[in-house]
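First comes the structure, then the notes that go with it.
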Amino acid sequence: MKPGIHPAYGPVVFRDRAANHAFLTRSTMTSDKTVEWEDGNTYPVVDVEISDVSHPFYTGTARVLDTAGRVERFERRYGGRK
């Protein structure tokens, strides 16, 4: 890698505010806020809206939409293609 053109890559805590869950990983993201982690070290923390812990797809609460039924209902209501 060329020196001086890449952002700093280091440990960062991502905190899911919806599920009150946090995980430590490495990233180029930074933050002014910090948090003391379980290992006693202080790391920058990035708050995220959703993660795999709270996303409906990963939690199994996702709803399957009946798109074929919607099209048929639309065609019944407003007429099919002419």
Side-chain angles (χ1 to χ4, degrees):
M1 293 193 312
K2 291 184 179 180
I5 64 168
H6 297 284
Y9 182 72
V12 176
V13 173
F14 285 92
R15 183 170 49 196
D16 182 355
R17 303 299 278 182
N20 197 22
H21 175 75
F23 55 94
L24 177 66
T25 187
R26 295 178 56 88
S27 177
T28 58
M29 292 187 73
T30 60
S31 175
D32 295 334
K33 296 186 284 185
T34 60
V35 66
E36 186 172 335
W37 192 243
E38 301 160 354
D39 61 3
N41 294 327
T42 302
Y43 299 106
V45 62
V46 176
D47 291 327
V48 294
E49 296 286 329
I50 197 162
S51 71
D52 63 326
V53 177
S54 61
H55 194 280
F57 178 79
Y58 296 108
T59 60
T61 59
R63 296 182 309 210
V64 177
L65 296 176
D66 180 23
T67 56
R70 287 183 173 194
V71 171
E72 291 168 359
R73 189 172 48 221
F74 179 84
E75 288 179 351
R76 266 187 279 130
R77 188 177 298 162
Y78 299 108
R81 295 181 183 162
K82 299 190 187 225

- How would you list, by chain and number, every residue that makes a side-chain contact (heavy atoms from CB on, under 4.5 Å) with A19, sequence neighbours excluded? D16, H21, V53, S54

- Message: Minimum heavy-atom separation for V12 and M29, please, with both atom names.
- Response: CG2-O, 3.3 Å

- Residues in side-chain contact (heavy atoms from CB on, under 4.5 Å) with R26, at least two apart? Y9, P11

- Message: Would you say V48 ends up clustered with F23 if hydrophobic residues are merged whenever their side chains have heavy atoms under 4.5 Å apart, either directly or through other cluster members?
- Response: yes

Pair up each side-chain donor or acceptor in residues 30-37 with any protein partner under 3.5 Å, not counting sequence neighbours, and list the distances.
| from | atom 1 | to | atom 2 | distance (Å) |
| --- | --- | --- | --- | --- |
| S31 | OG | K33 | N | 3.1 |
| S31 | OG | V45 | O | 2.9 |
| K33 | NZ | D47 | OD2 | 2.7 |

- Item | D39 atom CG, over 12 foreign heavy atoms within 6.0 Å | yes

